[in-house]
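Chain A is the first sequence line, chain B the second, and so forth, proteins listed ahead of strands; every chain is numbered from 1. For the numbers below, each heavy atom of this structure counts, side chains included, while hydrogens, waters and symmetry mates do not. Everything quoted here is computed from the prediction, not taken from an experiment.
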Number of protein chains: 2
Amino acid sequence: MTETQTRKKWKQDPEAVQANILAAAAEEFAEHGLTGARVDEIAARTRTSKRMIYYYFGDKESLYRQVLEEAYRKVRSEEASLDLTSLPPLDALRKLVEFTFDHHRANESFIRLVMIENVHKGKHLAGSPLIARVNASAIERIEDICARGQKDGSIRSDVSPHELHWLISAASFFNVSNRFSFGISFDKTLFTHDGQQRLRELTCKAVIEAARKPM
Amino acid sequence: MTETQTRKKWKQDPEAVQANILAAAAEEFAEHGLTGARVDEIAARTRTSKRMIYYYFGDKESLYRQVLEEAYRKVRSEEASLDLTSLPPLDALRKLVEFTFDHHRANESFIRLVMIENVHKGKHLAGSPLIARVNASAIERIEDICARGQKDGSIRSDVSPHELHWLISAASFFNVSNRFSFGISFDKTLFTHDGQQRLRELTCKAVIEAARKPM
DNA sequence: GACACAATTAACCGATTGGTTCATTACAAG
DNA sequence: CTTGTAATGAACCAATCGGTTAATTGTGTC
């Protein structure tokens with residue numbers, strides 16, 4: 001009899017309870033921020049009680065920390081499914097930009113958690129050993145593209161993978177994070193389906209042109 | 001005797017008190033967000049009392065609204081001092097990008113207020129008639145560059161001023177807003193003096209290449 | 001100087017909220 | 001069946017916090 005099967009027979013299932021709390025907390029924190037989130041509300045979203053939150057997570061801030069880590073872990077592991085090694089460098093780069101742009105749009109609550117954490121100046125991310133590790137793969141992916149492109153002459157030799165990643169992230173992140181203020185202040189049509197297609201294409205071209213070696 | 005001189009002699013000076021409250025509130029809201037900000041703390045930063053805050057501004061949320069409006073008003077009016085009309089279109093565009101990049105870096109607390117407002121999904125910006133008006137000049141500036149560039153053939157005819165503005169804003173905003181999480185997750189050196197110079201130049205090139213008409 | 005009203009102060013309050021106490025139940029081991 | 005321990009529920013609490021009450025002072029007007 002496997003561990004899992006054993007667990008299934010238990011009425012008590014601590015791991016499921018913790019996962020349930022984490023999911024409920026992620027929703028509440030993403031929606032209202034660290035200070036705006038209410039522990040009672042998190043408890044209400046849960047199949048268990050407020051007491052259990054403190055039993056397993058200690059206090060609100062520790063819970064928030066774990067929610068953040070879990071969000072990063074989940075998002076980066078989704079990204080890892082993208083395989084670009086078989087494509088020519090510039091095609092791989094385009095595919096990476098398109099993927100990143102779409103992926104950010106599809107994960108608004110992750111974006112919101114990162115926004116919130118930046119309002120807190122990264123205080124809760126700072127001490128986490130998990131974060132650097134989990135983000136490393138994103139850099140490796142673009143480093144690989146750059147290395148291959150510099151080898152075959154399609155990408156400029158002075159381009160930096162970190163800078164390129166910064167540009168891709170900036171466009172993809174801002175597109176989601178600031179769409180409210182930007183839409184209100186300037187142009188709502190940029191956030192319709194058509195507008196988003198155009199911004200996606202604009203981002204692709206801007207990134208590719210920044211990387212491409214002129215002939 | 002001028003109005004101002006008259007006021008100087010008064011012991012009571014309602015306008016100064018309101019401005020003082022607004023300034024204190026801006027600091028506190030930018031630092032801690034809408035829910036994180038404490039009215040008592042705003043009062044403490046003030047030369048007056050908590051009662052006065054409610055006397056002049058009604059409640060916390062109305063105060064926040066006015067702080068936001070005031071921040072937009074101030075930042076956009078600073079930007080208005082930039083005159084680009086005498087430069088060739090692509091030179092004007094470069095100068096605009098450089099200015100925007102630097103200006104965002106120099107106004108972190110405005111960036112923070114906008115981040116916070118986006119966490120709140122733009123709810124407090126939405127109803128404000130001032131916002132659209134005050135932001136119009138930013139678009140007009142880049143529309144002028146595009147129009148001139150399309151006329152003299154230096155800028156592509158299918159480029160959209162709104163999209164270009166989006167790209168400039170994305171890079172310049174993200175550079176400040178996400179520097180904590182990005183620095184921790186990826187590369188702190190991008191946020192040193194040298195790193196920022198490189199990102200500024202990268203942004204310039206990316207924007208200009210997106211706009212330039214190929215020869 | 002009396003009056004009307006705007007500006008200001010100090011003390012207060014009820015609701016919310018993060019966190020706790022304590023008693024009870026579920027479970028594996030001997 | 002007993003016993004030690006992990007998991008859980010219900011009620012509770014002290015502190016915080018947005019907002020208020022009520023009484024006081026300053027200022028221009030007649």
Side-chain angles (χ1 to χ4, degrees), chain A residues 1-29 31-67 116 120 123-124, chain B residues 1-29 31-67 116 120 123-124:
Chain A
M1 202 184 258
T2 69
E3 169 76 357
T4 315
Q5 283 171 323
T6 310
R7 283 295 162 86
K8 282 267 160 70
K9 289 170 79 177
W10 289 5
K11 277 188 186 175
Q12 293 183 176
D13 190 344
E15 284 168 35
V17 170
Q18 287 173 60
N20 183 227
I21 290 171
L22 231 31
E27 287 177 29
E28 176 74 6
F29 282 128
E31 197 60 29
H32 303 290
L34 171 52
T35 40
R38 299 293 156 229
V39 178
D40 284 298
E41 184 54 34
I42 294 173
R45 287 182 196 250
T46 283
R47 256 173 273 110
T48 179
S49 65
K50 181 163 75 157
R51 179 67 185 81
M52 286 294 92
I53 295 173
Y54 287 97
Y55 183 68
Y56 285 120
F57 297 94
D59 61 14
K60 195 189 186 187
E61 217 157 319
S62 302
L63 175 60
Y64 169 78
R65 249 176 259 266
Q66 289 217 36
V67 164
I116 288 159
H120 291 282
K123 199 195 325 184
H124 313 88
Chain B
M1 202 182 256
T2 70
E3 170 76 357
T4 315
Q5 282 171 325
T6 309
R7 283 297 161 88
K8 281 269 162 64
K9 287 170 80 176
W10 289 4
K11 276 189 185 175
Q12 294 183 176
D13 189 344
E15 284 168 35
V17 170
Q18 288 174 61
N20 182 227
I21 290 171
L22 231 32
E27 287 177 28
E28 175 75 5
F29 282 128
E31 196 62 27
H32 299 110
L34 172 51
T35 40
R38 300 293 156 227
V39 179
D40 285 297
E41 184 53 34
I42 294 172
R45 288 180 195 253
T46 284
R47 256 173 272 111
T48 178
S49 64
K50 182 163 74 157
R51 181 64 186 85
M52 285 294 93
I53 295 173
Y54 287 97
Y55 183 69
Y56 285 121
F57 297 94
D59 62 13
K60 193 189 185 184
E61 217 157 318
S62 302
L63 175 60
Y64 169 77
R65 249 175 259 267
Q66 289 217 36
V67 164
I116 288 159
H120 292 281
K123 199 193 326 181
H124 313 87

Self-check item: Between P of D/dG19 and CE of B/Met52, the distance in whole Å
Solution: 16 Å
Self-check item: Nearest-0.5 Å distance, CD1 of residue A/Ile21 to CZ of residue A/Arg47
Solution: 10.5 Å
Exercise. Measure from CD1 on A/Ile53 to C1' on C/dT17 and round the result to the nearest Å.
Key: 13 Å
Practice problem: Please report the closest heavy-atom contact between B/Phe29 and B/Ala37, naming both atoms and the distance. | Solution: CD2-CB, 3.4 Å
Practice problem: Look at B/Glu27 together with B/Arg45 and state whether they make a salt bridge at an N to O cut-off of under 4.0 Å. | Solution: yes
Exercise. Give a yes/no on whether any side-chain N or O of A/Arg51 is located under 4.0 angstrom from OP1 or OP2 of C/dT20.
Key: no
Exercise. For B/Tyr56 and for A/Val39, locate the closest nucleotide of DNA chain C by heavy-atom distance; then report the residue assigned to the nucleotide nearer the 5' terminus.
Key: B/Tyr56
Practice problem: Using a cut-off of strictly less than 4.0 Å, decide whether B/Tyr55 has a side-chain nitrogen or oxygen near OP1 or OP2 of C/dA6. | Solution: no
Exercise. Using whole Å, report how far CD of A/Gln18 lies from P of D/dA6.
Key: 14 Å
Quiz prompt | Short side-chain N/O contact from B/Ser49 to OP1 or OP2 of C/dT9, under 4.0 Å | solution = yes
Practice problem: Report the distance from atom CG of A/Leu34 to atom C1' of C/dT17, rounded to the nearest whole Å. | Solution: 14 Å
Quiz prompt | A/Thr48 side chain near D/dT8 phosphate (N/O to OP1/OP2, under 4.0 Å) | solution = no
Quiz item: After noting the C-alpha distance and the side-chain angles of A/Leu63 and A/Val39, does the key distance pass the side-chain contact (heavy atoms from CB on, under 4.5 Å) rule?
Solution: CA-CA 10 Å; A/Leu63 175 60; A/Val39 178; over 6 Å; no
Exercise. Measure from CG on A/Asp59 to C1' on D/dA15 and round the result to the nearest Å.
Key: 16 Å
Exercise. Choose from C/dG19, D/dG18, D/dT8 the nucleotide whose nearest atom is closest to any side-chain atom of A/Lys50.
Key: C/dG19
Quiz item: Reckon B/Ala37 touches a base, only the sugar-phosphate, or nothing at all at heavy-atom distances under 4.0 Å?
Solution: sugar-phosphate
Exercise. Please report, rounded to the nearest Å, how far the P atom of D/dG19 is from the CD1 atom of B/Ile42.
Key: 11 Å
Self-check item: Separation of atom CG in A/Leu63 from atom P in C/dG19, rounded to whole Å
Solution: 10 Å
Quiz prompt | A/Tyr54 side chain near D/dT8 phosphate (N/O to OP1/OP2, under 4.0 Å) | solution = no
Practice problem: Counting heavy atoms from C-beta on, name the nucleotide in D/dG18, C/dG18, C/dG19 closest to the side chain of B/Arg38. | Solution: D/dG18
Quiz item: Do A/Lys60 side-chain and C/dG19 base share a donor-acceptor contact under 3.5 Å?
Solution: no
Quiz item: After noting the C-alpha distance and the side-chain angles of A/His32 and B/Thr35, does the key distance pass the side-chain contact (heavy atoms from CB on, under 4.5 Å) rule?
Solution: CA-CA 9 Å; A/His32 303 290; B/Thr35 40; over 6 Å; no
Exercise. Provide, to the nearest angstrom, the distance between the CG atom belonging to A/Asp40 and the C1' atom belonging to C/dA15.
Key: 13 Å
